[in-house]
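Here is the structure we will look at.
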Amino acid sequence: MDKSTIVCRCEEINVDEIETVLKMGAETFDDVKRITRCGMGPCQAKMCVKHVSNLISEYTGKPLAEIPPARARMPLKITRMRVLAGTESHASTVKAVFEEGDPDEK
Ligand code: FES
């Protein structure tokens, strides 16, 4: 792979940038992510995690199975407490928010 080959299309991170981070001591996908933003794009690393893991494996000599997977995070969105309490279904939350209107106007 050429050093200018893009590994993370979303954040436009190339092989050279990944190798630089690995030379600095990065050993996991999350290490690479924190320094380069690789994996923070709209696809949330679905496209690049495998390529980066392969580069980490090649650079460190560790088998792929020993490279920890990327840390998964919960999706963020507004959730009403009554939905969490189970007194309202999740599907109606959006409708409920629109029906409530602006709380500052009350
Ligand atoms: S390709 Fe890396 S975050 Fe999308």
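Numbers here simply count residues along the sequence, with the first being 1. Just follow the structure's listing: the first ligand is 1, and inside any ligand the first atom is 1. Small disclaimer: the values here were computed from a predicted structure and weren't measured.
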| message | Tell me whether ligand 1 is touched by Arg9 - counting only heavy atoms on the residue side and a distance under 4.0 Å. | response | yes

| Should you measure from each heavy atom of Cys10, which atoms of ligand 1 turn up under 4.0 Å away? | 1 (S), 3 (S), 4 (Fe)

| task | May I ask you to decide if Asn14's main-chain N or O and Glu17's side chain share a donor-acceptor pair within less than 3.5 Å? | result | yes

| request: Evaluate whether atom CE of Met47 has more than 12 neighbouring non-hydrogen atoms of other residues, nucleotides or ligands under 6.0 angstrom away. | output: no

| task | Would you indicate whether the side-chain heavy atoms of Ile18 and Ile13 approach each other to under 4.5 Å? | result | yes

| Heavy-atom gap Cys38 to ligand 1 smaller than 4.0 Å | no

| query | Is any N, O or S atom of Cys8 under 2.8 Å away from atom 4 (Fe) of ligand 1? | reply | no

| field | Ser53 backbone acceptor or donor facing Ser57 side chain under 3.5 Å | value | no

| task | Return yes when at least one N/O/S atom of Cys43 is nearer than 2.8 Å to atom 4 (Fe) of ligand 1, and no when none is. | result | yes

| Lys50 atom NZ, over 12 foreign heavy atoms within 6.0 Å | no

| Sub-4.0 Å atoms of ligand 1 with respect to non-hydrogen atoms of Gly41 | 3 (S)

| query | For residues Ser4 and Asp2, is any side-chain donor paired with an opposing acceptor at under 3.5 Å? | reply | yes

| said: Show the atoms of ligand 1 that are less than 4.0 angstrom away from any heavy atom in Met47. | reply: 1 (S)

| Under a 4.0 Å heavy-atom limit, does Ala45 contact ligand 1 with its side chain, its backbone, both, or neither? | backbone

